[in-house]
Amino acid sequence: EMKLVESGGDLVQAGGSLRLSCATSGFAFDDYVIGWFRQAPGKEREGVASITIEDGAAYYADSVKGRFTITSDNAESTVYLQMDSLKPEDTAIYFCAADRYLVGELILHAEYLDHRGQGTLVYVSS
C-alpha cells in the first residue's frame with residue numbers, strides 16, 4: 001500500500017521559515033514524481049512544487065519560486081519542502097502526492113491525485 005505522510009506544519013510569523021516533510025512507503029520511490037500542493041479555505045487546490053526523484057529535477061509555481069525549495073532524501077524515501085520568507089497568503093493545508101508519469105508542472109495541474117497524504121497545516125500570521 002502506497003503511503004505518504006506529511007509533517008512539519010506549524011504557526012509561524014510572516015517572514016519566517018518552515019520545513020515540511022513527506023515520508024513515503026510502499027512504492028518504488030525512485031520511479032516517481034512527488035508534488036507538494038496546498039489548499040486554503042474557500043480556495044482551489046494549488047500545486048506549488050514538484051520533484052522527479054530519478055534525476056532531482058524540480059519545478060515551482062510562480063507564487064513560490066525563489067522562496068520554496070523542494071528536495072528529496074532517497075535513502076529515507078522522503079521529500080522535503082523548505083519554505084522561507086513566508087507570507088500570510090501561504091496559509092493553507094499542505095499535502096504531498098505521488099505519480100509515476102506526470103513530471104514537472106504536469107503533476108501540479110493534475111485533475112486527479114490517486115496517491116496523496118492527509119496534509120499538514122501551515123498558518124502564517126501577519
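- Taking the charged nitrogens against the carboxylate oxygens, K65 and D62 do have a contact shorter than 4.0 Å, which makes a salt bridge.
- With hydrogens and angles disregarded, a donor-acceptor distance shorter than 3.5 Å links the side chain of Y60 to the backbone of I70.
- Relative to the six-membered ring of Y94, R38 misses at least one condition, a distance below 6.0 Å or an angle of at most 45° to the axis.
- Judged by distance alone, the side chain of T78 and the main-chain N or O of E76 form a donor-acceptor pair under 3.5 Å.
- Inter-residue side-chain proximity for S72 and I53 is flagged as met; some heavy-atom pair is nearer than 4.5 Å.
- Under a 3.5 Å cut-off, the side chain of R116 and the backbone N or O of C96 do not form any donor-acceptor pair.
- Rounding to the nearest 0.5 Å places CZ of F68 at 9.0 Å from CG of L18.
- Contact record, S125 with L11: CB-CD1, 4.3 Å, taken as the closest heavy-atom pair.
- Checked by atom type and distance alone, the side chain of T24 pairs as donor or acceptor with a backbone atom of S77 at under 3.5 Å.
- Inter-residue side-chain proximity for I93 and V122 is flagged as unmet; no heavy-atom pair is nearer than 4.5 Å.
- Taking the side chain as every heavy atom from C-beta outward, K3 and H115 never approach each other to under 4.5 Å.
- Looking at Q39, its side chain does come within 3.5 Å of a backbone N or O of K43 through a donor-acceptor pair.
- Sorted by first and then second residue, the disulfide (SG to SG under 2.5 Å) pairs with a member in residues 24-78 form an empty list; sequence neighbours excluded.
- E54 is not listed as a side-chain neighbour of D31, based on a closest heavy-atom distance of 4.5 Å or more.
- In the model, E6 has no side-chain atom that pairs as donor or acceptor with a side-chain atom of S21 under 3.5 Å.
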Go through the steps to decide whether D30 and N74 satisfy the test side chain to side chain contact (heavy atoms under 4.5 Å, CB included), and finish with yes or no. CA-CA 7 Å; D30 292 0; N74 294 13; 3.8 Å; yes
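- By the side chain to side chain donor-acceptor pair (under 3.5 Å) test, S17 is found to be paired with D84, residues two or more places apart in sequence or in another chain being considered.
- A heavy-atom distance below 4.5 Å is found between the side chains of C22 and W36.
- Counting only distance, with no hydrogens or angles, the side chain of T120 and the backbone of G9 share a donor-acceptor pair below 3.5 Å.
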After noting the C-alpha distance and the side-chain angles of Q82 and T71, does the key distance pass the side-chain hydrogen bond (donor to acceptor under 3.5 Å, both in side chains) rule? CA-CA 8 Å; Q82 177 67 40; T71 58; over 6 Å; no
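- Listed by chain and number, the hydrophobic cluster partners of L106 are V33, F37, Y59, F95, L102, V103, I107, L108, L113, where partners are ILVMFWY side chains within reach of under 4.5 Å, directly or through others.
- For the atom pair CE (M83) and CG (L20), the distance works out to 3.5 Å, reported to the nearest 0.5 Å.
- Within the model, atoms CZ of R100 and CG of D114 stand 14.0 Å from one another, a figure rounded to the nearest 0.5 Å.
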